[in-house]
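Notes follow once the structure below has been shown.
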Amino acid sequence: MTDDSGGRYDLGGCTVTTIRGGSLKLDGGAMFGLIPKPLWARIYPADEQNRITLACNCLLVEWPGRPNRRTIIETGHGPKYNEKEQKIYGIDPANWLLPALVARGIDPASITDVVVSHLHFDHAGGLTHKRDGQLVLTFPQAQVHVQRQEFEDARANFGIMTMTYREENLAPIDEAGQWRLLDGAQEIVPGIRALPTPGHTRGHHSIVIEGEQRAMVFAGDLMPTRHHVGAPYNMGYDLLPLENRESKRRLLSWIAEQEGLLAIDHDVEWPVVAVRPAGEWFEVTPASEDPA
Ligand SMILES: [Zn+2]
């Protein structure tokens, strides 16, 4: 089962399609950090185990003038979970990025570049999967771009979440020599650049896609749902909450100035939004899709 309700956004000479790379459930309290439950539960209902449902939104970026270049941003949770984990996280291992791409007629071998915001399991899990019991690359021809700081922290398991950096998502990329480690703000491929937004992790970056008419920014776990746009809405998982808030303020104000679009990684209903100033902060509204 895959969700094929992806939207298409034309940035000018460059199109972005949202692809649902599965969904998972995480504890609502952990997802909303210091926000009291009576506040968040009103806008985001939890199940009987106090979990909330999160989408794993991924992006496919294409340039009509450059048919040989196709980039995937973020890979979602992937399929490699035992029964216990499937239950804990509410993950359906049949519903992830690869089947969603195949359902759209996209050959994973045609993907030239994959960018991940950070290497937590629900972002990097789709980089690999198992075939006949062996770990294999989901995108056999692609370079995989991530910040060097994030890569080193993943390898050192630096963080407060246990079990989120998983070797099974990383080792096959080592063996294939596909990593491309980034040092701060730099171009990833022409038209896409990395913008460090530390806070959730030290090496977390956002990904800026610049078309001829407008830009879209994929903000990863800087603000995982539209309900995390507000200044105090950090996750309990964030390593550096104050830095996260500052990264969020800087990014939202840049997007609002540009009249750009913001892609939100875990929002179930609004994967792409517009941003505008509101009082001392910002508000978001769903962005309208462009016709295919
Ligand atoms: Zn994360």
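Indexing begins at 1, ligand by ligand and atom by atom, following the structure's order. Along the sequence shown, residues carry numbers from 1.
Side-chain atoms of Met216 and Val61, non-hydrogen and from C-beta on, never get closer than 4.5 Å to each other. With contacts defined as side-chain heavy-atom distances shorter than 4.5 Å, the pair Val16/Phe218 does not qualify.
Glu152 pairs by the side-chain hydrogen bond (donor to acceptor under 3.5 Å, both in side chains) definition with nothing, not counting sequence neighbours.
Looking only at protein N/O/S atoms, the ones less than 2.8 Å from the Zn ion (ligand 1) make 4 in total.
Residue pairs meeting the salt bridge (Lys or Arg N to Asp or Glu O under 4.0 Å) criterion with at least one partner in residues 190-211, sequence neighbours excluded, are Asp153-Arg202, Arg193-Glu210. Pairs of residues two or more places apart, or lying in two chains, that qualify as side-chain hydrogen bond (donor to acceptor under 3.5 Å, both in side chains) and include a residue from residues 121-132 are Glu74-His123, Lys80-Thr128, Asp122-His266, His123-Asp221, His123-His266, His129-Thr138.
Judged by distance alone, the side chain of His145 and the main-chain N or O of Val189 form no donor-acceptor pair under 3.5 Å.
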